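Residue numbers run from 1 in the order of the sequence given. Please read all numbers here as calculations on a predicted model, not as lab measurements.
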Amino acid sequence: MVFVTFTDAELWLLLSFIKPATRHIGFESEGAQATPGSTRLNDQLADALVACEDSGLSEYALELTRDDLLLISY
């Protein structure tokens with residue numbers, strides 16, 4: 001695991017792309033691939049944004065796994 005610091009704007013951007021893995025189950029059209037997702041990372045992003053808003057922070061460090069990093073690079 002690695003800690004990576006993101007600005008609040010970067011957190012919002014990531015949250016717009018990182019969806020819970022379960023959100024797409026059953027909604028794919030025939031032959032379409034599901035968008036990769038991570039419920040854990042999505043929750044971590046939401047918690048970080050709440051912490052930034054509540055505490056007036058402009059950045060926040062997330063603890064990311066290798067899979068998280070691969071998902072972000074996707």
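Two different hydrophobic clusters hold Leu70 and Leu14 under the rule that ILVMFWY side chains link at heavy-atom gaps under 4.5 Å.
In this structure, the side chain to side chain contact (heavy atoms under 4.5 Å, CB included) partners of Leu69, at least two apart in sequence or on a different chain, are Val2, Leu64.
For residues 61-74, the set of pairs meeting the salt bridge (Lys or Arg N to Asp or Glu O under 4.0 Å) definition, not counting sequence neighbours, comprises Arg40-Asp68. Listed by first and then second residue, the salt bridge (Lys or Arg N to Asp or Glu O under 4.0 Å) pairs involving residues 44-56 amount to none (not counting sequence neighbours).
Side-chain atoms of Asp8 do not come within 3.5 Å of backbone N or O of Glu59 as any donor-acceptor pair. Between the side chain of Ser55 and the main chain of Cys52, no donor-acceptor pair closer than 3.5 Å is present.
Residues Leu11 and Ala48 come closest through the heavy atom pair CD1-CB, 3.9 Å. Looking at every heavy atom in both residues, Thr65 comes nearest to Met1 through CG2-CE, 3.8 Å. Residues Leu57 and Ala51 approach most closely at CD1-O, 4.1 Å, considering heavy atoms.
Taken to the nearest 0.5 Å, the CG atom of Leu45 stands 10.0 Å off from the CG atom of Leu13. A distance of 9.5 Å separates CD in Glu10 from OG1 in Thr5, rounded to the nearest 0.5 Å.
Residues Trp12 and Leu49 form a side-chain contact, since some pair of their non-hydrogen atoms from C-beta on lies under 4.5 Å apart.
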Go through the steps to decide whether Phe6 and Leu62 satisfy the test side chain to side chain contact (heavy atoms under 4.5 Å, CB included), and finish with yes or no.
CA-CA 8 Å; Phe6 295 95; Leu62 299 178; 3.8 Å; yes
